[in-house]
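Comments concern the structure below.
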Amino acid sequence: MSDTNEQKPDTGPADLVISPPKRSFWRNLSYVWLVPLAALVVTLFIAWQSWAERGQRIEILFENAAGITADETTLRYRDVEIGIVEDVKFAPDLASVVIGARIDRTVAASLPEDAQFWIVRPEVSASGITGLSTVLSGAYIQAAFDPVPEAKATRFTGLEDTPLILPGMRGTKVTLRTDSGTQLTPGAPIFHQGIEVGKIETPRLTESGEGVMVDAFINAPYDRRLTSAARFWQVSGFSVNIGPSGLNLSIGSIASLVRGGIAFDTVVSGSEPIRSGQVFDLYDDEDTARASVFREEIENPVDLTVEFDESVSGLTAGSSVVYKGVKIGSVSFLGAFIEERNNSQEVVLRSVISIDPQRLGLDAEAPTAEVIAFFANAVKNGLRARLATQSIFSRSLVVELVELPDAAPDTLGIFAETAPLLPSVASDLPDVGATAEGLLQRVNDLPVEELLDQTIATLAAVESLAGDENLRAAPDAFVALLDDARGLIGSPETQALPAELNTAVSELRAVAEQLRQADAVNRLVAALDAAEEAATSVTDVAANIDTATETLPALIADLQALTEKANALEVEQFLAAASAFLEGADRLIDTPDMRALPASLTGALDEAREALAELREGGLIENTNATLASAREAASAVEDATANLPELSRRIEALVAEAERTLSDYGSQSSFNRETISSLREVRAAAEALSKLARAIERNPNSLLFGR
Amino acid sequence: MENTGRPPHILTARDAGLVGCTHCGKVHPPSAAVCGRCGAALHARDIANLQKVWAWLIAGMVVYIPANLYPMLSTASLGHTTENTILGGVIELMHHGSYGVAAIVFVASIIIPVAKFIAIAFLGLTTTRRVRMSAHHRHVLFEVVEFIGRWSMIDVFVVAILSSLVRLDFAATITPGIAAISFALSVAFTMMAALSFDERLIWDALEDE
């Protein structure tokens, strides 16, 4: 446009239009201006956003700031990061640490005054290890609160420890009342049917200082099980209880073992729900807790009166009323009354029992009249009250309702001013003491003395039988018999046998030694070698006949002399001697004595067997044990005796081996040799028979007695 | 260039009633809209050009503010997150004793952009106003600004490379912050501003005297 203006310098100025500058300001305005505008908008938006995201500043007071670092430590709610610590500084009086933090605005908007903050650090306690993740990531501040819209608290006081019950947790808080808090540890678990359903807080003294109160928190949904019928009791790890029902040992979980614990259960049904903060009693153990139900909480109880003629010592208010072993109520009142009866005053022991109609299977809401009608009917059918002992070990009594169809007919006494009278019968167990006494009396009456006398007489008879002469003689006879056998084995002939053999062997050995000393064989071999040499030299010499002819006769003469020398050796003599010796040995082994040895042993054993048969026939079977003992002694004597037999056989065998070795040294397959060897084999066979016998006796000495 | 300062009368294309192409230098009759040789748009001096310069410059300056206030990059290492602005990074580098690197970062990220703003603003203002600086010097200044523009991206490159390389999840992760984008935009905008500036305006003022 400026160009057109410039193009017309000569034309009249009338053509110039004034308006363009005005238009041109906007017209000339480039679209590029949108860029800084957009940049500005974006920048402002970012600025606004980061301001909006900056979060609300809150301040938390802590005793100390262990593990807290500015700009690093985070704040978490339900384990989601909601902010970061901005600064850590002291309170003006230096008494505490003020931690300034920025937290998310949405969270800050509903942060109530009672929000709880605590520092999560790694922690090891009896119930486990917590906060392990903070070892790596560092400590953080955990927040717990029940969100309240529009609550914008900014100043808080932090907790020193992790709170046991967090605000915002769903459940019911109740208070437990007990006498002592020795077994209560803060954080101890609460069990319901074995499942951990809550925790207790730190126990505190009541204002009067006479009891201990502890807040307990039952998590949802288990708190629905908590009704006015619930009973709490302590479970301190394990409990041992010896009572009428025997030994009772119960062990809880490890956690409860270490920290103690509390259990609760709903003992009766049909009770109303509780409100938060309700106070319950804490019982020492489960039995007490369960028993307490009957004492206090009978709904719609029906009172009946029972009069007893006998002593009610052991019955107290609170004692149970039992029907067929089931507790259906309790004694609520016990007292003596003076009654006008037959124109005289009588003291009557009257007790009032409260019956739980529910326990009898009646409707809990049933009107009293209905229950009384039920009892009136039952009494007509023989229902009676009587005293019974709770257990044989205790003197405490219970009121027992029994059905006695054959009891004297009676009716339920209905009175205007007192409870209906239930007829009673005398109990069939009057007194435990008396029973025990009766038992002792019966024990006393037992004919103990007579029994003892009889026993003594019996024993004396037994003794006399054992002391019988014949009985004593029997083992002696057997011993003599065995002595005979031993004598036989130990006879000089038998004993001499090894010695003779020994001498024979030593002779043989001496001969062999002589032979060895003479070096006969070697020399023979050497001579033969020499002869061979000579023969070789002869062949050599024969090549030079000229020179050799003179020396040949001399050589032959030498050879002859040598052969003669060899012949002169006393080989034949030795062989004859050896043969003679072996024959002697053979003879020796062949001696009748030697042969007779096993036979005589057998004879002795036969004798023994016979003796035993006699014994058996003697009809003293009752005393067989004693006899057997002595027989066994005898057998061991036999065994000792037979121990020599293997020795003997060993020696014979050694001798044979020696002789055989000598002979094999000797070498050749002469008939003499064969004979010797066969005779030696015989010797060995004899020795083997001997050792076999010895072994048999050793293995089974009884075979001596029973012939097997 | 002995004719700088008070040059003798030079016949410019505009004086001759022609339009010179800013791209290839060919002159055309004023009616021509597009350069017959290179196809670039033809225009004589246009006051709108200067508007563009100012617009880009202001845009660059605007985005330069968050570029300095917001973290350039956030380093997450073993659960600890550290965020650093440009200036904060420079200070940290100095604390670590890396004065050289600190100086480079400081010059590239603070001094040069600021100097560019000043230079472009100065050039834009002096097209219509009389100053002591000679036209020739201003022209040199413009050339320097145009040249140096592309080198201002060092920071952005560093952030881009680091954040794409250091991705070790838990051990170390670097993520670019808002400042990185802002800074990149700022550099781009100032480059646009320099590009939009018609250096002939420097000389026009001289001619008009």
Exercise for the section: Only counting residues at least two apart or in another chain, list the ones meeting side chain to side chain donor-acceptor pair (under 3.5 Å) with A/D71. Expected result: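 Side chain to side chain donor-acceptor pair (under 3.5 Å) list for A/D71, sorted by chain: empty.
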
Taking everything shown except [X] itself, do over 12 heavy atoms lie less than 6.0 Å from its [atom1]?
{"X": "A/E160", "atom1": "CD", "answer": "yes"}
{"X": "B/F122", "atom1": "CZ", "answer": "yes"}
{"X": "A/E113", "atom1": "CD", "answer": "no"}
{"X": "A/E63", "atom1": "CD", "answer": "no"}

Fill in the blank from the handout: Against chain A, residues from residues 57-72 of chain B with at least one heavy atom under 4.5 Å, in numeric order, are B/I58, B/A59, B/V62, B/V63, B/P66, B/Y70

